[in-house]
Amino acid sequence: MTEEEFQANYTQALDAIIEAMADEQEINPDKFYSMVCVLENLRFFSPVLYGAIRSKKE
């Protein structure tokens with residue numbers, strides 16, 4: 001898997017998580033926004049995660 005494919009799949013997975021959380025009415029809005037911030041930071045560091053996974057396979 002290339003870095004671009006990884007980033008696309010990773011972004012899609014994070015978007016699905018955010019969408020599922022947004023559809024859930026029981027989630028406190030403050031906690032929702034905090035969690036979205038964490039997920040966005042994870043998305044920002046996706047190249048680092050890809051590099052770590054890639055180096056483990058080699």
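Heads up: numbering here begins at 1 and tracks the sequence. Keep in mind that what you see is a predicted model, and the values were worked out from it rather than measured.
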Give a yes or no on whether Tyr33 and Ile27 share a hydrophobic cluster (residues Ile, Leu, Val, Met, Phe, Trp, Tyr; joining criterion: side-chain heavy atoms under 4.5 Å apart).
-> yes
Over all atoms of both residues, closest heavy-atom pair of Phe6 and Ser46 = CE2-O, 3.5 Å
Identify the heavy atoms of Ile18 and Phe32 that sit nearest to each other, and give their distance.
-> O-CE1, 3.9 Å
Start with the C-alpha gap between Asp15 and Arg43, add the side-chain angles, then the distance that decides, and say whether side-chain contact (heavy atoms from CB on, under 4.5 Å) holds.
-> CA-CA 10 Å; Asp15 287 344; Arg43 182 184 318 223; 2.7 Å; yes
The reported gap from CG in Asn28 to OG in Ser34 (rounded to nearest 0.5 angstrom) is 8.5 Å
Rounded to the nearest 0.5 Å, what's the gap from CG on Leu42 to CD1 on Ile17? Could you check?
-> 9.0 Å
Any chance CD of Glu24 has more than 12 other-residue heavy atoms, nucleotides or ligands included, within less than 6.0 Å?
-> yes
Which distance, rounded to the nearest 0.5 Å, do you find between the CD of Glu40 and the CE of Met35?
-> 11.5 Å
Pairwise distance OH(Tyr50) to CD(Glu4) - rounded to 0.5 angstrom | 8.0 Å
Determine whether more than 12 heavy atoms belonging to other residues, nucleotides or ligands lie under 6.0 Å from atom CZ of Phe45.
-> no
To the nearest 0.5 Å, how far apart are CZ in Arg54 and CG in Leu49?
-> 15.0 Å
Rounded to the nearest 0.5 Å, how far apart are CG of Asn9 and CG of Leu14?
-> 11.0 Å
